[in-house]
Asks: 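The structure follows.
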Amino acid sequence: MGTLKPQDARRIEALIGRMTLTEKLGQLTMMAASHTVTGPVIAGHSTDDIRSGRIGNLLNLIGAAAAREMQRVAVEESRLGVPLLIALDVIHGHRTLFPPPLAEVSLFDPEAWRMTAREAAKEAAADGIAMTFAPMLDISRDPRWGRIIEGPGESAWVGRLLAEAKVRGFQGTDLAAADSIAAVAKHFCGYGAVTAGREYASVDISERALLEVHLPPFAAAVSAGVAAIMPAFTDLAGIPMTAHAAMLRQRLRRELGFEGVLVSDYNAIAELIQHGVAADLIEAAALALEAGVDIDMVSGAYLQGLPAALERGLVRISDIDESVSRVLALKMRLGLFEDPYRRGAALESAATLAERRRLARDIGARSLVLLTNREDALPLAESIRCLALIGPLADAPAEMRGPWWSAAEPDTQVSVLAGVCEALPETQVLHARGVDIDGEDGSGMATALELCDRAEAVVLCLGEAATMSGEAASRAHPALPGRQRELAEAVLERAGARAIPVIAALFCGRPLIVPWLVSQASALIAAWFPGCEAGRALADILTGRRSPSGRTPVTWPRAVGQIPLYFGQRSGGRPADPANRYSSRYIDESNEPLFAFGHGLTYGRFSLANVRVRPESATETSTVEISVDVENHGGRRAEETVFLFTRRLKSRVAPPLLELHGVGKITLDAGARGTLILHLPARELRSLGPDLAPALEPGELEILVGPSADRSSLLSTRLTLLGQPPRRS
Ligand code: NOJ
């Protein structure tokens, strides 16, 4: 967070000294302006509450003029003139939408992640926003959970990189700058492990899982200087995170050293009553404050409950003052006291906006994951003169936005139909919706099938509506909704009769369970939601203007019953053996995923050879260099992504089958060779012992390098880890 200048600290103290209790609680309250709705609407607040100091912070306000007016009321008409903190969920862009986080993670490129956050911050700040509720850092291994799309996926290592990149992107180098906004790392902690993938359900994970998997991304966000953190809606082994003093005060503040603001999730303080740990708003407010939550988002519990909690002796005024001082310190760091209107003043030029859309197209194309490509069905042959686009997502610009759209208008999104028509002006592009995304109407099916008789190739655009993932969108059946499977099977059959290729693009906020499609489509693309330039981004890949390069950041299961399925599982004492009934496997399904973590094809054809590690033994202070030769045997220039995994051969704690420690990329022309070098600081290889303390355990380590977490695709070598170097006396 950075410490305050002494004069700022004095100013805050003086300000608090002049505040009434109501004004203090106003600083600890954030209310919704309802320009957009991100939770149950809780009515009953007015501009008068800002004037009277009862509301010190706002969310869901959109537009520079509105932000400026509310700010003016706070600064010019309230007694103490404390500026408002105006926040919004700017998750994957504000007016210009980039792909949502999980899709963007497919790039495995932290600099790209930083850049999109930077651009989103500029746009949001130009609209008067000073804080975003992002990045979401919940590690999730459960595609039933709708919010898997909002985060880093299954790997804690990726989560750490994402945390750092996004915090740097949103906050810039100077939080006070007119184009910087405060980041809020969320949702602390373990929300991605909700029981059975069901939204808002209980979380009950081991201390080891917490430390190994769920905490590291938050630790990385704290190290990167994140301004604020949001506790999760959920409980952790029975203690709601909003009231979890041990996690918030002890672990987050004392152990991780977090000095910033804790902002509750939407209505979460009042929901402590529903959790069953508070009898009323008074107790709920006291519990949250005691746990260290500074800002109450929309529940009104602090305003209504803390005065009585004070009287009853449930909280101390010093705790309230401490929270107020943290909120004021953040406002100061954001430069709001210096100039409350500095955000919302910039008018971005047309050239800037065009450049940002170019970035969105680039990132959108790079987020697409080519899952299968039989007989090089892609890129489409240049000779194709008639192409059919079939499916409910082919002409669905609004859906391309994905789960959060901030201030992005639906008509500024490029549909697949528009993008493909633009990219192939000489080609006749036929289009039929066929069926709706969801529902039973099959009246468009016949028209869609007729197109298969005229076209030379079909692109099937299938998947989920944007609102089928994100918050409150858990699915017990994470497959194609409605009658889409029926449509797809009919198209595959009709097109199959003429032996024309059927390319399927899946627009989705999670891995979809579609083994039947994988085995039948000529090619399959995980398109996620590609953002505002969706159609152009997809067309760039379909036409071969660019080679695909995205890699799936989550394992794709082949059956719901396999969930959770992820590369970091432990072996167990009876690892799967098809010949042995008494081994860890299903009797009715394979253990193998549909697609392994990291899987993704390109238009090149890469082989890896000769993996080396230098030096071959390391102590905690060493950095190891791992190199591998890469060759592109294919006919096209392409970018290959190489993952660096490790596996401890023997350890006091049963080691995961694979641990991710690095990713490298190399672009090679057709027929070219190169060498990829990755650096691995040995301290990264520390693991948590039986006592949960981190240490570098001496012993043999397998180094595994390859294009995905599929064990059969990995090259392997060894590294010896030595104990601590002897201390010099
Ligand atoms: C609830 C969500 O859990 C959180 O992620 C979001 O930031 C808030 N609503 C505010 O919209």
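This is a predicted model, so every value here is computed, not measured. Each ligand, and each atom within it, is numbered from 1 in the order the structure gives.
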Asks: So is Arg68 actually on top of Tyr341's ring, under 6.0 Å and inside 45° of the axis?
Replies: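 Flagged: Arg68 positioned over aromatic ring of Tyr341.
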Asks: Just to verify, what does His244 make a ring pair (Phe, Tyr, Trp, His ring centres under 6.0 Å) with, not counting sequence neighbours?
Replies: none
Asks: Can you find a side-chain donor-acceptor pair between Trp113 and Glu104 that sits under 3.5 Å?
Replies: no
Asks: Please say which of His94, Arg401, His92 ends up in a side chain to side chain donor-acceptor pair (under 3.5 Å) with Ser406.
Replies: His94
Asks: Do Arg551 and Phe108 form a cation-pi contact, if we require the NZ or CZ to be under 6.0 Å from the six-membered ring centre and within 45 degrees of the ring's axis?
Replies: no
Asks: When you check ligand 1 against the protein, what N or O pairs turn up below 3.5 Å? List the atom names and distances, or just say none.
Replies:
unit_1: ligand 1; atom_1: 3 (O); unit_2: Arg147; atom_2: NH1; d: 2.7
unit_1: ligand 1; atom_1: 3 (O); unit_2: His187; atom_2: NE2; d: 3.4
unit_1: ligand 1; atom_1: 3 (O); unit_2: Asp265; atom_2: OD1; d: 3.4
unit_1: ligand 1; atom_1: 3 (O); unit_2: Asp265; atom_2: OD2; d: 2.6
unit_1: ligand 1; atom_1: 5 (O); unit_2: Arg147; atom_2: NH2; d: 2.9
unit_1: ligand 1; atom_1: 5 (O); unit_2: Lys186; atom_2: NZ; d: 2.7
unit_1: ligand 1; atom_1: 5 (O); unit_2: His187; atom_2: NE2; d: 2.7
unit_1: ligand 1; atom_1: 7 (O); unit_2: Asp89; atom_2: OD1; d: 2.5
unit_1: ligand 1; atom_1: 7 (O); unit_2: Lys186; atom_2: NZ; d: 3.1
unit_1: ligand 1; atom_1: 9 (N); unit_2: Asp265; atom_2: OD1; d: 3.4
unit_1: ligand 1; atom_1: 11 (O); unit_2: Thr38; atom_2: OG1; d: 2.6
unit_1: ligand 1; atom_1: 11 (O); unit_2: Asp89; atom_2: OD2; d: 2.5

Asks: Can you check whether Glu464's main-chain N or O pairs, donor with acceptor, with Glu399's side chain at less than 3.5 Å?
Replies: no
